[in-house]
Protein chains: 2
Amino acid sequence: MSRVATTADAFNAVGEPSRRDILNYLVLQERAVGEIVSTLRLGQPSVSKHLRVLRDVGLVHVRRDGRRMMYRTNAEAIKPLHEWTGTFERYWKQQLHRIKDRAESETGK
Amino acid sequence: MSRVATTADAFNAVGEPSRRDILNYLVLQERAVGEIVSTLRLGQPSVSKHLRVLRDVGLVHVRRDGRRMMYRTNAEAIKPLHEWTGTFERYWKQQLHRIKDRAESETGK
DNA sequence: TTGACATATTCCGATACGGGTATATGTTGA
DNA sequence: TCAACATATACCCGTATCGGAATATGTCAA
């Protein structure tokens with residue numbers, strides 16, 4: 001037994017930089033594959049494969065328009081990631097306060 | 001040329017489920033490696049390796065305490081991920097409104 | 001100094017991944 | 001029906017990754 005799944009979850013899907021680029025691009029507006037290819041300067045098969053991964057985890061939606069496939073980001077699928085990272089918010093705020101407090105007590109010395 | 005870096009960035013580091021578990025655990029309190037191993041039921045070398053990845057991207061801090069190494073989550077390193085996912089917030093809110101509006105107009109019909 | 005303890009590193013095998021090339025599939029318009 | 005177009009899939013290569021076993025490194029206590 002070796003590596004577990006991976007592409008089967010949104011956290012992992014988003015770990016790939018090109019896929020984040022694609023999500024950033026597709027959230028603004030629905031786009032055809034060819035537009036993604038030329039805008040992001042990636043190979044067409046590469047883009048199709050990234051889209052397949054994103055689709056499998058629900059991060060994008062597709063719609064056929066004639067012979068083109070129109071993709072768009074499904075922002076809701078990103079919500080869980082935002083929520084998970086958000087559970088750490090109180091901790092980084094604490095850390096900032098500690099740093100700030102220490103700085104103030106030092107200047108006040 | 002093949003796969004790019006990966007372990008060299010926080011997004012990817014967090015893509016691994018065990019590493020998320022470790023971060024969740026270490027944010028509550030500083031812990032020794034052995035505690036992580038027994039609490040999360042993972043192999044010791046495996047944990048050490050995950051910790052090395054997390055450390056390299058700044059997601060955890062270490063401190064030596066005698067012969068033990070005490071790790072804790074560096075919440076601040078998670079902030080960029082929270083911010084990136086946050087850029088999608090307005091879009092999922094829009095989607096929710098659209099869904100809500102449609103539901104209301106349908107019941108009102 | 002030595003043995004026990006705690007952690008890190010190395011090595012291995014199986015597999016997943018990403019990019020590229022070639023090819024298959026599906027759709028349109030003539 | 002057929003050629004052009006748009007996208008998806010299959011395949012290959014080189015590499016990354018994960019887990020586990022074995023081993024190395026570092027630290028303490030006697």
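A, B, ... follow the sequence lines: proteins, then strands. Residue 1 opens every chain. Keep in mind that the numbers below use all heavy atoms, side chains included, and drop hydrogens, waters and symmetry copies.
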[X] side-chain N/O to [N] phosphate OP1/OP2 under 4.0 Å:
X       : N      : value
B:Tyr71 : C:dA8  : yes
A:Ser46 : C:dG18 : no
B:Arg52 : C:dA8  : no

*Describe the nucleic acid contact of A:Ser48 in one word from base, sugar-phosphate, nothing, applying a heavy-atom distance below 4.0 Å.*
base
*Touch check for A:Arg19, heavy atoms < 4.0 angstrom, all strands: base, sugar-phosphate only, or nothing?*
sugar-phosphate
Residue [X], side-chain heavy atoms: nucleotide from [options] that is nearest:
X       : options               : value
B:Gln44 : C:dA8, D:dC18, C:dG19 : C:dA8
B:Arg68 : D:dT7, C:dT28, C:dT7  : C:dT7
B:Arg67 : D:dT7, C:dT7, D:dT27  : D:dT27
A:Pro45 : D:dT9, D:dG19, D:dA8  : D:dT9

Could you give the [atom1]-to-[atom2] distance, from [X] to [N], as a whole number of Å?
X       : N      : atom1 : atom2 : answer
A:Asp21 : C:dG18 : CG    : P     : 13 Å
B:Arg63 : D:dT27 : CZ    : P     : 14 Å
B:Leu40 : D:dC18 : CG    : P     : 16 Å
A:Arg64 : C:dT25 : CZ    : C1'   : 9 Å
A:Arg41 : C:dG20 : CZ    : P     : 13 Å
A:Arg31 : D:dT7  : CZ    : P     : 13 Å
A:Ile22 : D:dT7  : CD1   : P     : 13 Å
A:Asp65 : D:dA6  : CG    : C1'   : 11 Å

_Tell me if the aromatic rings of A:His82 and B:Trp84 count as close, with their centers under 6.0 Å from one another._
no
*Do A:Lys49 side-chain and C:dG19 base share a donor-acceptor contact under 3.5 Å?*
yes
*Hey, is the main chain of A:Leu59 close enough, under 3.5 Å, to the side chain of A:Asn74 for a donor-acceptor pair?*
no
_Pick the closest DNA chain C nucleotide for A:Ser18 and for B:Met70 by heavy atoms, then say which residue is nearer the 5' end._
B:Met70
*Relative to the 5' end of DNA chain C, which residue comes earlier, A:Val53 or B:Val33, by the nucleotide with the nearest heavy atom?*
B:Val33
*Is the closest side-chain donor-acceptor distance between B:Gln44 and B:Ser48 under 3.5 Å?*
yes
*asked:* Looking only at side-chain N and O atoms, does A:Thr73 offer a donor or acceptor that is under 3.5 Å from a partner on B:Tyr91?
replied: no
*Kindly indicate whether a cation-pi arrangement holds for B:Arg31 with B:Tyr71, taking the cut-offs as under 6.0 Å to the six-membered ring centre and within 45° of the axis.*
no
